[in-house]
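Quick caveat: nothing in here was measured; it's all calculated off a predicted structure. Proteins get letters first, then strands, A, B, ... in listed order; numbering begins at 1 in each.
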Amino acid sequence: KQEVTQIPAALSVPEGENLVLNCSFTDSAIYNLQWFRQDPGKGLTSLLLIQSSQREQTSGRLNASLDKSSGRSTLYIAASQPGDSATYLCAATGANSKLTFGKGITLSVRP
Amino acid sequence: KAGVTQTPRYLIKTRGQQVTLSCSPISGHRSVSWYQQTPGQGLQFLFEYFSETQRNKGNFPGRFSGRQFSNSRSEMNVSTLELGDSALYLCASSLEGQGVSGAFFGQGTRLTVV
């Protein structure tokens, strides 16, 4: 059974800092890994999708990497801004097309 | 291109009642999945429908059911509501399945059972 872990559960950083959010998964047989952003009381916004054959994806100030062999993915946020404050979730898609989510990391960027 | 639309956005129901939630996927997407999100359990998979057939199912009691129509719109029904069913219910739309093209989520339906 796939388990996805995100540690720490919360993170507070000053504006402008570069930061890395970590995601680990137990079963390396995944189709892809997605990173999502969730604002309070809202749905999930897809940030980046990394297929199992890829090593990384980039979108603007965001860069996500995937290392299947070690069961890890990281989301790098460059030059963080207060508007980046949200909960970030990673999800691994298994062979049955089911997403397994981590509990998320709540990020607070202080002005 | 319109995103995933969930209706209603908010619901308040009484214990023992039943409720139906609706999800309209992105045009052309054939897969719709449903998730329950609570502070304690996080996001949990309910079921996935693809071309009107249930393809996958999570570990939820039979009170939770769903269906998908020929236009790919999906409905989720919860019967005999319990207080613990209070949650944010999210649906995700995908072109062929989440394993291929990723998942795109709606804004969710906030269900409160009193």
- From CA spacing to verdict: ring pair (Phe, Tyr, Trp, His ring centres under 6.0 Å), A:Phe101, B:Phe45: CA-CA 9 Å; A:Phe101 282 87; B:Phe45 173 75; 9.9 Å; no
Between [X] and [Y], is there a shared hydrophobic cluster once you connect ILVMFWY residues whose side-chain heavy atoms come closer than 4.5 Å?
{"X": "A:Leu47", "Y": "B:Phe104", "result": "no"}
{"X": "A:Phe36", "Y": "A:Val109", "result": "no"}
{"X": "B:Tyr35", "Y": "B:Leu111", "result": "no"}

- Message: Check whether A:Gln34 reaches the backbone of B:Ala103 with its side chain - one donor and one acceptor, N or O, closer than 3.5 Å.
- Response: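 Between the backbone of B:Ala103 and the side chain of A:Gln34 there is a qualifying donor-acceptor contact (under 3.5 Å).
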- Would you find more than 12 non-hydrogen atoms of other residues, nucleotides or ligands less than 6.0 Å from A:Arg37 atom CZ?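 Enclosed.
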- Look at atom CZ of B:Arg15 and say whether more than 12 heavy atoms of other residues, nucleotides or ligands are closer to it than 6.0 Å.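 Not buried by this count: 12 neighbours or fewer within 6.0 Å.
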- Is it the side chain or the backbone of B:Gln41 that comes within 4.5 Å of chain A heavy atoms, both, or neither?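 For B:Gln41, backbone heavy atoms alone lie under 4.5 Å from chain A.
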- Message: Between B:Leu43 and A:Leu99, does the side-chain contact (heavy atoms from CB on, under 4.5 Å) criterion hold? Intermediate values first, please.
- Response: CA-CA 9 Å; B:Leu43 271 151; A:Leu99 266 68; over 6 Å; no
- Task: State, to 0.1 Å, how close A:Lys42 and B:Gln107 come at their nearest heavy-atom pair, and which atoms those are.
- Result: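 So the two residues come closest at CD-OE1, 3.3 Å.
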- Query: Does any heavy atom of chain B fall under 4.5 Å from the side chain of A:Leu89, the backbone, both, or neither of them?
  - Reply: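 For A:Leu89, the side chain is the part near chain B, not the backbone.
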